[in-house]
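What follows is a single structure, written as structure tokens, with notes after it.
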Amino acid sequence: MTAETILASLHLSAPEIILAVGALVLLMIGVFAGERSGRMVSVLALILFAASALWLIFVPGDGLAYGGVYQADGFSRFMKITALVGSFAALFMSIGLARENQLDKFEFPVLLVLCTLGILLMISANDLIALYLGLELQSLAIYVVAAINRENLKSTEAGLKYFVLGALSSGLLLYGMSLVYGFTGHTHFDDIAQALSAEGARSLGLVFGLVFILAGIAFKISAVPFHMWTPDVYEGAPTPVTAFLASAPKVAAMAMMTRIVITAFQPVIADWQQVVVFISIASMLLGAFAAIGQRNIKRLMAYSSIGHMGYALVGLAAGNQTGVTGVMLYMVIYMVMTLGSFAIIMSMRRKDGTVVEAVDDLAGLSSTNPFMATVLTALMFSLAGIPPLAGFFAKYFVFVAAIEAKLYALAIIGVLASVVGAYYYLRVIKLMWFDEATDEFARVSGPLRLVFGLSGLFVLAYVVIGGPIGGAAELAAATLF
């Protein structure tokens, strides 16, 4: 590589460099300033996230970097900005409640910055090895963060369970990558696509490799049948960590899955489409039915997350530009709804400081905190896909893409699963508005009120503000085709 190509590569990967250098600086500040530096390091981490997002918005660049293993384009830019917003919001929400959740350590924001660095690398990966390195950087940081509250048995168990199952999924992914490399001779996505196009008939070994890769990525988005970690980790991890887990990493994993199937495996669409359709149907149905009996609000959101990943995969299964646009919009809307919901869950604490997580603890919220109840009602209706809220448009676009691709059965099953899933969202609304209040929550902190207020405004006003977001997603999706 010449000096010019190195400089060009550094320019394209500036958002990652900002986070990488920033994480090292924050680590040094934390080490020298001591344990009391947690809040200051968190604020500096928020500035890093904002700086990376602003660079992507105002200094956009397209092209390949580092010998073609890193791809900067409209798709990566859109998904990176979405992920950075998720990371920013999750850390912002945690600052006020850091002491209560034993997160007032400088290591916590540093780990979130490193995790977000891995997320950005995953989204821009144009090579199997680069993809794996980004994925592992993200995963290793999450393993530690999930178990960061070592005094809490549930948190430790959640971190251990996530680590063991995550290691298994990484093994599946690596095995799939080795098979793909063995049968195509390439790790670059573009070269894999060319090799598959040149072959007269794809080999069985390649299909096995593709299935293993999809299985490894399905774990990261908590899609069925690799969802088993989700409810336990969501419940056991500190709620600010769960809010982060449910947002930015999901966006990155879905972006990674989209890029690999659309760019590298487009010539064998008939093979991977069947796998994605199966995972999508299984996730939608399990997310709809398994959540009905849940009494813990975080476990309810875990099964809701599984179902929503199934809906997002409906768009990916279509394999066309409309489908990719639908997936991108779905992830933006899902992330906003989830962050708003978790901001309210983090506000569920009694006046004596006791944290409550039971769905029944929301009873009578409309009489004790009308604003919170109104916002949560809007978010629940949106998660259920009720028009004209944002969640309706998210599902509408992926179902339209499935119909365009003649996947009629998939679209019908998706609509039916939405009807079943609406039950547990409506149950939460019924509790808030029609049941008697048993207790009153403590005063909500400013950051949490701001996050769930903005989330509620987004889902209510999406019919007005959705045009520019949809246009940006359409332009970004076009770069993959």
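The first residue of the sequence shown is numbered 1, and numbering continues consecutively from there.
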Within the supplied structure, the quantity of interest is the number of heavy atoms (other residues, nucleotides, ligands) at a distance under 6.0 Å from [X] [atom1]; does it exceed 12?
X    : atom1 : answer
R449 : CZ    : yes
R295 : CZ    : yes
F371 : CZ    : yes

Practice prompt. Might you work through the side chain to side chain donor-acceptor pair (under 3.5 Å) test for K80 and S52, ending with a clear yes or no?
Written response: CA-CA 9 Å; K80 281 180 183 179; S52 292; over 6 Å; no
Discussion item. Within 45 degrees of the ring normal and closer than 6.0 Å to the centroid, is that where the cationic atom of K395 sits relative to Y311?
Written reply: yes
Ignoring hydrogens, what is the shortest heavy-atom contact between [X] and [Y]? Give both atom names and the distance.
X    : Y    : answer
E16  : L121 : CG-CD2, 3.8 Å
T325 : G470 : CG2-O, 4.4 Å
V324 : F75  : CG1-CE1, 4.3 Å
V233 : T242 : O-OG1, 4.3 Å
Y424 : A288 : CE2-O, 3.3 Å
I333 : G391 : CG2-N, 4.0 Å

Are the side chains of [Y] and [X] in contact, using a 4.5 Å heavy-atom criterion?
X    : Y    : answer
I429 : L426 : yes
F108 : I148 : yes
S341 : M380 : yes
P238 : V241 : yes

Item to complete: Start with the C-alpha gap between Y330 and H308, add the side-chain angles, then the distance that decides, and say whether side chain to side chain donor-acceptor pair (under 3.5 Å) holds.
Response: CA-CA 9 Å; Y330 202 102; H308 280 285; 2.6 Å; yes
Fill in: Derivation and outcome, ring-ring contact (aromatic ring centres under 6.0 Å, His included), residues F452 and F458
CA-CA 10 Å; F452 69 68; F458 179 88; over 10 Å; no
Discussion item. Under a 3.5 Å distance rule, please check whether S455 uses its side chain to pair with a backbone N or O of M337 as donor and acceptor.
Written reply: no
Pair [X], [Y]: side-chain N/O donor-acceptor within cut-off below 3.5 Å:
X    : Y    : value
S76  : Q71  : no
S247 : Y334 : no
S382 : Y425 : no
T377 : W433 : yes

Worksheet item: So does R349 pair up with D361, basic N to acidic O under 4.0 Å?
Response: no
Discussion item. Do the side chains of K298 and E235 get close enough for a salt bridge, i.e. N-O under 4.0 angstrom?
Written reply: no
Discussion item. S222 vs K250, test: side chain to side chain donor-acceptor pair (under 3.5 Å). Steps then yes/no.
Written reply: CA-CA 8 Å; S222 63; K250 292 281 177 71; 3.3 Å; yes
Item to complete: Could you tell me how the ring of Y162 sits relative to the ring of Y143: parallel (under 30°), tilted (30 to 60°) or perpendicular (over 60°)?
Response: perpendicular
